[in-house]
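Working notes, beginning with the structure itself.
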Amino acid sequence: MSDLLAPHRVTPGTPRIIEQRLRQIGLILLEGLTSRSAVLDLAAQIMTITPHRDSDVDGLTTIRNNGCPSLRPGFAGFTGSELAPHTERSGTPAPPRLMMLVCGRSADQGGECLLTDGRSIHTDLRTHHPKAAHALSQPRTAFFGTGDSMGGGHPTQVFTAHPDGRMSVRLRLDELARWSPLTKPYVSELRTAAIAHQLPIRLAAGQGYLLDNTRWLHARIAFTGPRLCWRALGEPTFSLMPGFLPDQRPHMATGAGHMNWASPVTTPIYSGLVRSWPT
């Protein structure tokens, strides 16, 4: 599995590699994207870019600290604050399948990306908190969004089962998440699992990642300095099954890294790795 997590330098053959890795683990790390135009060019090859509230005219979103504290829920991404694990656009009826984030300029301090595989969360909860896993899979037991005409929102559930046996994840853990009485008692266990399985990545300029938004959650450590990132959201131009196949093993180790990533990755893109994976 560690080979799949090695950063891939962008070449003309990158779209094919992206298809393979997203079908395998739902994530690929990228490097060599040294300009906004390079990001836009690659994004256009592998997704139909979805414009939205915060995107620029070319469809990409520029993410930086705008210098103003966010007083409105849902806008913390444009400050230097930390971000809790979340699905991109979780409050829409159909969140975008793909999310690509590329660093144009790194932070002076902090700003590491924190990625969590939804399969790890699901396995952890099912193994140690089966009641939580069951409750969080029940339809319409969460509401993500403001619930008003400005920000919208959508009733949903954290884990969605698909007819082919696959599962997808949808989550936010900020002030725009509301929980039914059935799921509210288990939010603490959910938050703990989402944080316990985070993969911290410090991105340098030109490095980034592309993930399946129905499988992986992303978060961010607070930062200072002129950190600048470009983000693309959209639908894949290739076939991609949603989410993940649940782990069926009855006794699975659930320490940090239970996805069997055999050893720490030592490439420069992982300079911010703060946890070692067990052998």
Side-chain angles (χ1 to χ4, degrees), residues 25-27 73-74 76-77 81-96 99 112-147 153-162 165-201 211-222 242-259 261 274-275:
I25 61 170
L27 172 70
S81 303
E82 67 177 355
L83 298 178
H86 64 284
T87 299
E88 196 61 45
R89 307 210 71 200
S90 60
T92 61
M99 195 277 278
E112 289 86 355
C113 301
L114 305 170
L115 307 181
T116 309
D117 191 346
R119 186 172 187 262
S120 298
I121 302 172
H122 184 259
T123 300
D124 191 332
L125 292 176
R126 195 185 61 187
T127 302
H128 295 290
H129 305 283
K131 291 183 179 179
H134 176 75
L136 294 164
S137 302
Q138 300 308 299
R140 300 172 67 89
T141 48
F143 186 92
F144 300 144
T146 61
H154 188 68
T156 185
Q157 56 282 339
V158 174
F159 299 112
T160 298
H162 299 279
R166 299 180 71 86
M167 301 283 291
S168 58
V169 64
R170 182 197 296 226
L171 181 63
R172 69 185 306 150
L173 290 167
D174 61 6
E175 61 269 39
L176 294 184
R178 284 176 274 179
W179 305 94
S180 78
L182 179 66
T183 53
K184 192 171 184 178
Y186 303 112
V187 173
S188 177
E189 287 91 343
L190 173 62
R191 183 186 300 271
T192 297
I195 293 173
H197 298 284
Q198 285 178 328
L199 171 66
I201 303 173
L211 57 77
D212 180 347
N213 196 41
T214 66
R215 173 166 178 170
W216 286 81
L217 307 177
H218 60 286
R220 183 185 74 197
I221 294 175
F244 55 90
L245 283 172
D247 195 305
Q248 300 300 325
R249 288 175 290 178
H251 302 291
M252 185 175 183
T254 56
H258 75 257
M259 296 191 303
W261 297 339
V274 298
R275 183 181 296 115

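Keep in mind it's a predicted model, so treat the numbers as computed, not measured.
- Interatomic distance, CG of Leu83 versus SG of Cys113, reported as 9.5 Å (0.5 Å rounding).
- Pairing each heavy atom of Val169 with each of Phe159, the nearest pair is CG2-CE2, 4.0 Å.
- The ring pair (Phe, Tyr, Trp, His ring centres under 6.0 Å) test applied to His218 returns His86, not counting sequence neighbours.
- In this structure His154 satisfies the ring pair (Phe, Tyr, Trp, His ring centres under 6.0 Å) test with no other residue, sequence neighbours excluded.
- For Phe143, there are no ring pair (Phe, Tyr, Trp, His ring centres under 6.0 Å) partners two or more places apart in sequence or in a different chain.
- Atom-to-atom distance recorded for Arg119:CZ and Ile25:CD1 is 11.5 Å, nearest 0.5 angstrom.
- With sequence neighbours left out, the side chain to side chain donor-acceptor pair (under 3.5 Å) criterion links Asn213 to no other residue.
- Rounded to the nearest 0.5 Å, atoms CG (Leu171) and OG1 (Thr156) are 10.5 Å apart.
- Note that the CG atom of Leu173 and the CG atom of Leu190 stand 5.5 Å from one another [nearest 0.5 Å].
- Judged purely by atom type and a 3.5 angstrom limit, Arg215 has no side-chain atom pairing as donor or acceptor with the backbone of Phe244.
- The shortest non-hydrogen separation linking Gly165 to Pro246 is O-CD, 3.2 Å.
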Result block: side-chain N/O donor-acceptor pairs under 3.5 angstrom for residues 132-142, not counting sequence neighbours:
residue : atom : partner : partner atom : Å
Ser137  : OG   : Ala133  : O            : 2.8
Gln138  : NE2  : His134  : O            : 3.0
Thr141  : OG1  : Gln138  : O            : 2.7

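- Judged purely by atom type and a 3.5 angstrom limit, Arg170 has no side-chain atom pairing as donor or acceptor with the backbone of Gln157.
- In this structure, the separation between NZ on Lys131 and CG on Leu182 is 11.5 Å, given to the nearest 0.5 Å.
- Closest heavy-atom contact between Ala193 and Asp124: CB-OD2, 4.1 Å.
- Between Trp216 and Gly26, the shortest heavy-atom contact is CD1-O, 3.3 Å.
- Going from atom CD1 of Ile201 over to atom CZ of Arg220 covers 15.0 Å, rounded to the nearest 0.5 Å.
- Residues meeting the side chain to side chain donor-acceptor pair (under 3.5 Å) test with Thr214, sequence neighbours left out: Asp212.
- Scored by the salt bridge (Lys or Arg N to Asp or Glu O under 4.0 Å) test, Glu88 finds Arg231 as partners (sequence neighbours excluded).
- Remark: Asp174 engages Arg172 in a salt bridge, criterion side-chain N to carboxylate O under 4.0 Å.
- Residue pairs meeting the side-chain hydrogen bond (donor to acceptor under 3.5 Å, both in side chains) criterion with at least one partner in residues 179-190, sequence neighbours excluded, are Ser180-Thr183.
- When the side chain to side chain contact (heavy atoms under 4.5 Å, CB included) test is applied to Leu114, the partners found at least two apart in sequence or on another chain are Gln198, Pro200, Ala219, Ile221.
- For Ser168, the side chain to side chain donor-acceptor pair (under 3.5 Å) criterion is met by His162, not counting sequence neighbours.
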